[in-house]
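Remarks on the structure that follows.
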Amino acid sequence: MTTQTIQFADQLREAEVTGVGIAPLTSVNPDLTPVEAYHIQLENIQRKLDAGQKVVGKKIGLTSLAMQKLLGVDEPDYGHLLDSMVVENGGTVSMSQILQPRVEGEIAFILKKDLIGPNVTPLDVLQATKYIVPALEIVCSRVKDWKIKLPDTIADNASSGLYVLGGKPTRIEDVNLELLGMVLTKNGQLVNTGVGAAALGNPATCVAWLANKLSQFDIPLRAGEVILSGALSAMVVAEPGDTFTARFAHLGQVTVNFEE
């Protein structure tokens, strides 16, 4: 663990605690690599585990070609989900809990078997999935004004914040993941729509990518974990008083509220 890894981890942790965003890590070290950024992420995750939190799953980010192009990358990234990040369906999030929140609609996979890369295929993912449910991911950034490059968001736990699971558990064989449609509303008004194919062509492909990427760090996906497979449409800024609902064909809906 390098001195800079510790320093950058300290800065991100302080931003999370104080609610004050920091300058991009890449503005301090323009040569920061994705691998180094993952080690920064893992350092802060280990600190949280040492404090008694538990890893309950993973999230996949940058699954859309538009976001990859924006950051100049050709693959997704990932972050860890902790038990402290769970919000009940229909629950309320205080703006003091989270920094610069934005909301995305996603499909969540609940695993019944471990997935250990490399060489995991989308078919392996389907066979390892217990069920899927609709999800809202509340992404946030400890980097001021979301001025991020790829290493910045990776180090920042892939800009993870909170997440909400809803709807009804649905067997994966009962739906067509690629064609599974979503409608996202904000305060009852349509803000965007999405479809499963928006996530690397198929959300199961995203989960397979994740299992294989994690193998580089000797991290498995475990039975029982929640996997947020990637946004099906653009993220939307959340403000106090807002209510977001994502409705999915066949899966039902999931809702979250925001307050000051």
Side-chain angles (χ1 to χ4, degrees), residues 34-35 38 41-42 55-69 73-81 104-137 139 150 154 157-158 160 163-183 193-233 246-254:
V35 171
Y38 277 119
Q41 177 188 141
L42 290 169
V55 172
V56 295
K58 309 289 190 303
K59 65 150 286 184
I60 309 164
L62 305 180
T63 54
S64 74
L65 293 178
M67 283 301 296
Q68 290 182 14
K69 184 176 181 180
V73 299
D74 59 2
E75 70 172 24
D77 68 348
Y78 80 87
H80 290 72
L81 301 179
E104 300 174 335
E106 308 193 13
I107 298 170
F109 289 64
I110 313 301
L111 301 182
K112 62 182 178 183
K113 296 193 299 186
D114 293 353
L115 281 172
I116 303 174
N119 304 317
V120 170
T121 68
L123 179 59
D124 295 329
V125 172
L126 299 181
Q127 293 174 338
T129 299
K130 185 177 182 181
Y131 58 83
I132 56 175
V133 291
L136 289 171
E137 183 182 3
V139 294
L150 179 63
I154 290 175
N157 197 26
S160 296
Y163 73 96
V164 193
L165 301 182
K168 57 181 182 179
T170 301
R171 297 188 311 165
I172 207 162
E173 56 266 34
D174 291 342
V175 298
N176 183 323
L177 282 173
E178 295 179 17
L179 300 180
L180 190 58
M182 178 207 73
V183 173
T193 61
V195 65
L200 292 187
N202 188 317
T205 301
C206 300
V207 180
W209 173 88
L210 175 63
N212 295 327
K213 185 69 174 181
L214 287 171
S215 70
Q216 299 177 18
F217 301 92
D218 295 320
I219 299 173
L221 296 179
R222 294 297 190 191
E225 284 196 337
V226 176
I227 311 299
L228 300 183
S229 60
L232 302 188
S233 59
R247 295 180 175 86
F248 290 75
H250 310 296
L251 302 186
Q253 68 181 48
V254 56

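Note that the coordinates shown come from a computational prediction; the quantities given were computed from them, not determined experimentally.
Atom OG1 of residue Thr170 and atom OH of residue Tyr131 lie 10.0 Å apart, to the nearest 0.5 angstrom. If you take CG on Asp174 and NE2 on His250, they are separated by 9.5 Å, rounding to the nearest 0.5 Å.
Looking only at distances, no side-chain donor or acceptor of Asn202 sits under 3.5 Å from a matching main-chain atom of Ala197. Looking at Asn157, its side chain never comes within 3.5 Å of a backbone N or O of Ser160 through a donor-acceptor pair. Remark: the backbone N or O of Tyr78 is not paired with any side-chain donor or acceptor of Lys213 at under 3.5 angstrom. Side-chain N or O atoms of Glu106 include none that pairs as donor or acceptor with a backbone N or O of Ala135 at under 3.5 Å. Counting only distance, with no hydrogens or angles, the side chain of Gln127 and the backbone of Lys113 share no donor-acceptor pair below 3.5 Å.
No donor-acceptor contact under 3.5 angstrom links the side chains of Asn212 and Ser215, judged on distance only.
Closest heavy-atom contact between Val195 and Glu178: CG2-O, 3.2 Å. Across every non-hydrogen atom of Asp77 and Ala158, the tightest pair is OD2-CB, 3.8 Å. Asp124 and Leu115 get closest at one heavy-atom pair: O-CD2, 3.9 Å. The minimum heavy-atom distance between Thr193 and Ser233, with the atom names listed, is O-CB, 3.3 Å.
Across Ile107, Ile110, Leu111, a single residue satisfies side-chain contact (heavy atoms from CB on, under 4.5 Å) together with Ile227, and that is Leu111.
At most 12 heavy atoms of other shown residues, nucleotides or ligands fall within 6.0 angstrom of atom NZ in Lys130.
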